[in-house]
Amino acid sequence: MKPIVISTWKHGLDANKAAYEIMKNGGNSLDAAEQGVRVAEDDPAVLSVGYGGLPDADGRVTLDAAIMDWKARVGSVICVENIKNPISLARLILENTEHMVLAGDGAYDYAIKNGFKPGNLMTENSLKRYNEWKASGITKPEEIHTDDFVLKGKKDINADGNHDTIGMVALDKNGHVSASCTTSGMAWKLHGRVGDSPMIGSGLYVDGEVGGAASTGRGEECIRACGSFLIVEMMRMGLSPKEACRVAVERVFKLNLLSSKNRDHLFQVGFIALNNKGEYGAFSVRGGFQYAVFKAGKNTLYDSEFLIDEEYIIEDL
Ligand code: ASP
């Protein structure tokens, strides 16, 4: 079934539309994966991506993004400020440099040299949320997944569906898979903190012979497990995309338990995967994760299956 595109969260629906349109007209999955997630980057209502994304603890909006195609070509940017579309900067690195990852000021300078226009990414709303967070007195960044996570006192680990990283995997008519991932990261993070999204193998991974995967949620947990790489390798061994995502979620949770540093189990990580045959799936640590799939002219939002229910807390172990 080609083309097909899968992406994370409700805002994946609009992103999918842009990506599907490109591939329907014969465009490739790399263009689709770039242009699709730009829709979320441009949308100020999406509070975890691009323009309007929530800032770090110092009030600075720092963005991470990466893109990978079926030929194992990679571009990634880390902790870049004042550039609205980091995914296109990542694409430029993929196309025009001998490198794979540019960070911070270097990434910004490269963007400006190549015609990107600088801009303030903070909106009235994100500034208001930041000021509320400052006033709340909460300081532990590792306990924060999104703004709502903080404000609702950990009850809603997924926020309200308008939040969180967008990860996308696209399969074009020629059977080529590409993936993209773009985020402003965990809200109120320490300045300089980088999550899973721009890390190849964690936030996303593609193998042209197999398929691709992408992640969302608390990046620290995904990095530990190299989640997206693990999923692609599981699919290579014959697992369905959903089962491969389940293996990665189980690994993420196991490593969280093992780690003495971070024994907070109230976190969310969700994965999406799509293989070369057009089979797709998702799985998350907890309930509430949603993913969007556009195939055969139809764009649908699904609830992901998950490992443990909302009430599961450390005392239950
Ligand atoms: N994965 C992102 C990060 O940790 C955040 C998210 O998906 O909400 O930076």
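Values in this document were obtained by computation on a predicted structure and should not be read as measured data. Counting convention: from 1, in listed order, for ligands and their atoms alike. Because only heavy atoms are used, hydrogens play no part in the values below, and waters and symmetry mates are left out as well, while side chains stay in.
- With rounding to the nearest 0.5 Å, the separation of CG in D207 from CH2 in W70 is 13.5 Å.
- Near D196, meaning under 4.0 Å from any of its heavy atoms, are these atoms of ligand 1: 1 (N), 2 (C), 3 (C), 4 (O).
- Of the candidates D164, I166, T165, L47, the one placing a heavy atom closest to atom 7 (O) of ligand 1 is T165.
- With 3.5 Å as the limit, one finds a donor-acceptor pair spanning the side chains of T62 and K189.
- The distance from ligand 1 to the heavy atoms of M186 drops below 4.0 Å at these ligand atoms: 9 (O).
- Take R193 and apply the salt bridge (charged side-chain N to carboxylate O under 4.0 Å, His left out) test, not counting sequence neighbours, and it matches E220.
- Numbered from 1 in the order shown, with element, the atoms of ligand 1 that lie under 4.0 Å from a heavy atom of S197 read 1 (N), 2 (C).
- Among the atoms of R193, some N or O lies under 3.5 angstrom from an N or O of ligand 1.
- Closest heavy-atom contact between N299 and F294: CG-CD1, 3.4 Å.
- Backbone and side-chain nitrogen or oxygen atoms of D64 are examined, and none is located within less than 3.5 angstrom of a nitrogen or oxygen of ligand 1.
- No hydrogens or angles considered: nothing links the side chains of N174 and N28 as a donor-acceptor pair under 3.5 Å.
- Considering backbone and side-chain N/O of S48, none are found under 3.5 Å from N/O of ligand 1.
- Checked against the 6.0 Å centroid threshold, F271 and F283 do not count as a close aromatic pair.
- Near G185, the atoms of ligand 1 lying under 4.0 angstrom from a non-hydrogen atom of the residue are 9 (O).
- Close approach of ligand 1 to T216 (heavy-atom distance below 4.0 Å) involves ligand atoms 6 (C), 7 (O).
- Of the options G217, G195, C222, G219, the smallest heavy-atom separation from atom 1 (N) of ligand 1 is shown by G217.
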Return a table of donor-acceptor pairs under 3.5 angstrom between the side chains of residues 102-114 and protein atoms on other chains or two or more places apart.
unit_1, atom_1, unit_2, atom_2, d
N114, ND2, Y110, O, 2.8

